[in-house]
Amino acid sequence: MAVMDARNDTTSTGLAARLRARVAALAGGGEASLTQRLAALIFFIRVLSAGLAYLSQILLARWMGGSDYGIYVYVWTWVLLLGSMLDFGIASSAQKIIPDYRTSGQHALLRGFLSGGRWLTLATSGIAALLLAGLIALLSPWIEESERLPLYIGCLTLPAFVVANTQDGIARSHDWMTLGLMPQFIIRQGLIIGFTAGALVLGFQLGASAAAVWIAMLGQMLVLNRRLERHVEVGPKQYDLRGWLAVSLPILLVESFYLLLSYTDVLVLQQFRSSEEVGVYFAVVKTLALVSFIHYAMSATTAHRFAEYHALGDKARLSAYVAHAIQWTFWPSLAATLVLLALGKPLLWLFGAQFTAGYDIMFIAAIGLVVRAAIGPVERLLNMLGQQRACASAYAAAFVMNLVLCIVLVPRFGGHGAAAATSLSLVFETVLLFRIVKRRLGLHVLAFGKAS
């Protein structure tokens, strides 16, 4: 666990100031200032979203009870996992493809990607949802009756979830952070809360989530199309499906292992422990989500700029920008972790008195998050600079480690074992990514210390 004393905190402030000055000197101050503003906006949206999600989870946990809430968490975890993979990586590769097309003046390909990319993800996710629904029907004799309807509703949710992710990537590539994030993280959460009250009366809690995802996605699509009409000149469209997939599939491989690493603990816990314990563990994860939001904010803001600076061949600006992103990921993450640990027990109590049993799990889970934040959004750096395979290998190794440790530790230690397995795997992943970036790109990607 990264432990910093007061002197380090003071030093970090000066270091961050020097890095900001360095970026300003190299980039005219514009990019660094814009990055900070956009990252702050993204973080604010995610925190507001977390508050809304937290409220909805508290309401569901209290109204549904431990067992039904555990089923809800289990199904929604599958939606998040599969929905984030079924876009074939296009949601993330948009942040590389769009800047490349803009920089090289390939406007016909740009127009083709902006429309064709979304149609592709809608078609593939729709087919996948139908296949998954058929699989659930086939396996229904072995699935608990209480889980069947929620699983079907999860399938219904998938296509809208996938298209919304793709539109998020397109919007972020144009620095339209509000348009990219508000529909998914604010409007959708608000709709879930609004629909939940009526849905609970009908016993249709997941149905509320499905309706919210579809409505938010369609509204986002209308606004995004109008903005693109004003921003992109009308003209012929050219479709390079093979080129898109060549960029996207390696990124999909990276993100698939990342998602598996992120959700393995909950999925393995569901297999070996009670639904009530799954609910407690999920409450802990939700409480610590603020830390990961900081990493997400910097990743969402910086990815397309990594690609742009690399395409321009500006290594000095890229290096300074990477250092800036790491500093603004780690130190806020460390501060947020300390605050959440201090307030953890009353925050868990909001879910219900029984959820405070997970307080000590928070300390175990926080270790991995803090260590991972120490190298910032380097996975986006590797993906944008053509090092997707190396990044995927690191994530694959961390996922295998996490799966093995979860299978070994969860049956005996429950949520404590799941948190320990995940934290150890994140530490291992951090070391691997640091070494890959150092060896392949020659960059020192650590929030403290100096490049050797």
Would you call Thr329 and Pro377 a side-chain contact if the rule is heavy atoms closer than 4.5 Å?
yes

Has the side chain of Gln388 got a donor or acceptor atom that lies under 3.5 Å from a matching backbone atom of Leu382?
no

Check: Val162 main-chain N/O paired with Thr166 side-chain donor or acceptor under 3.5 Å
yes

Judged by atom type as modelled, is there a donor-acceptor pair below 3.5 Å linking the side chain of Arg118 to the main-chain atoms of Gln167?
no

4.5 Å side-chain heavy-atom contact, Arg372 and Leu433
yes

Exercise: identify the closest heavy-atom pair between Phe88 and Leu245:
CB-CD2, 4.5 Å

With distance as the sole test, does Trp214 use its side chain to make a donor-acceptor pair with the main-chain N or O of Leu156 at under 3.5 Å?
yes

Do other residues, nucleotides or ligands put more than 12 heavy atoms under 6.0 Å from the CZ atom of Arg242?
no

Is the number of heavy atoms from other residues, nucleotides or ligands under 6.0 Å of Arg435 CZ greater than 12?
no

Exam field: side chain Ser423 to backbone Ala420, donor-acceptor pair closer than 3.5 Å:
no

Less than 4.5 Å apart, side chain to side chain, heavy atoms only: is that true for Leu318 and Leu385?
yes

Okay, side chain of Arg111, backbone of Gln238: is any donor-acceptor separation there less than 3.5 Å?
no

Looking at Ala394 and Ile436, what are the two nearest heavy atoms and their distance?
CB-CD1, 3.9 Å

Report yes if some heavy atom in the side chain of Asn383 is under 4.5 Å from a heavy atom in the side chain of Cys391; otherwise report no.
yes

If you define the side chain from C-beta out and look only at heavy atoms, does anything of Tyr101 sit under 4.5 Å from His107?
no

Of the non-hydrogen atoms in Val75 and Gly154, which two are nearest, and what is the gap between them?
CG1-CA, 4.3 Å

Given Trp349 and Phe355, is the ring pair (Phe, Tyr, Trp, His ring centres under 6.0 Å) satisfied, shown in steps?
CA-CA 6 Å; Trp349 178 85; Phe355 287 87; over 10 Å; no

Parallel under 30°, tilted from 30 to 60°, perpendicular over 60°: which one fits the rings of Phe257 and Phe399?
tilted

For a side chain to side chain contact (heavy atoms under 4.5 Å, CB included) check, start with the C-alpha distance between Leu135 and Leu139, then their side-chain angles and the critical distance, and finish with the verdict.
CA-CA 6 Å; Leu135 181 62; Leu139 298 177; 3.8 Å; yes

Out of curiosity, Ile364 CD1 to Phe413 CZ, how far, rounded to the nearest 0.5 Å?
10.0 Å

Which class fits the ring pair Phe363 and Tyr359: parallel under 30°, tilted 30 to 60°, perpendicular over 60°?
perpendicular

Kindly indicate whether the side chain of Leu341, heavy atoms from C-beta on, has any atom under 4.5 Å from the side chain of Met362.
yes

Compare every heavy atom of Val410 with every heavy atom of Gly417, then report the nearest pair and how far apart it is.
C-CG2, 4.4 Å

Pairwise distance OG(Ser125) to CG(Asp87) - rounded to 0.5 angstrom
9.0 Å

Just how far is it from atom OG1 of Thr356 to atom CZ of Phe351, taken to the nearest 0.5 Å?
12.0 Å

For the pair Phe330 and Leu446, evaluate side chain to side chain contact (heavy atoms under 4.5 Å, CB included) and give the outcome as yes or no after the intermediate values.
CA-CA 9 Å; Phe330 176 69; Leu446 196 62; over 6 Å; no

From Gln270 CD over to Asp265 CG, what is the distance, rounded to the nearest 0.5 angstrom?
12.5 Å

Backbone N or O of Ala108 within a donor-acceptor pair of the Lys237 side chain at under 3.5 Å?
no

Could you grab the distance from atom CD1 of Ile170 to atom CD1 of Ile97, nearest 0.5 Å is fine?
10.0 Å

Side chain Arg440, main chain Gln387, donor-acceptor under 3.5 Å
no

For the residue pair Ala216 and Ile187, what are the closest heavy atoms and their distance?
CB-CG2, 4.4 Å

Using every non-hydrogen atom in the two residues, find where Cys406 and Pro411 come nearest and quote the distance to one decimal.
O-CD, 3.7 Å

Given side chains that start at C-beta, do those of Ile326 and Ile375 come closer than 4.5 Å, heavy atoms only?
no

May I have the step-by-step check of side chain to side chain contact (heavy atoms under 4.5 Å, CB included) for Trp176 and His231, ending in yes or no?
CA-CA 11 Å; Trp176 300 335; His231 189 77; 3.9 Å; yes

Would a distance-only check, ignoring hydrogens and angles, find a side-chain to backbone donor-acceptor pair under 3.5 Å from Ser92 to Gly89?
no

With a 6.0 Å cut-off (strictly less than), is the heavy-atom count around CZ of Arg227, excluding the residue itself, greater than 12?
yes

Atom pair CG (Asn165) and CE (Met85), whose distance is rounded to the nearest 0.5 Å:
12.5 Å

Show, in sequence, the C-alpha distance, side-chain angles and deciding distance for Trp244 and Leu241, and conclude whether the side chain to side chain contact (heavy atoms under 4.5 Å, CB included) test is met.
CA-CA 5 Å; Trp244 301 344; Leu241 181 60; 4.2 Å; yes

Are the side chains of Thr264 and Thr422 in touch, meaning some heavy atoms are under 4.5 Å apart?
no

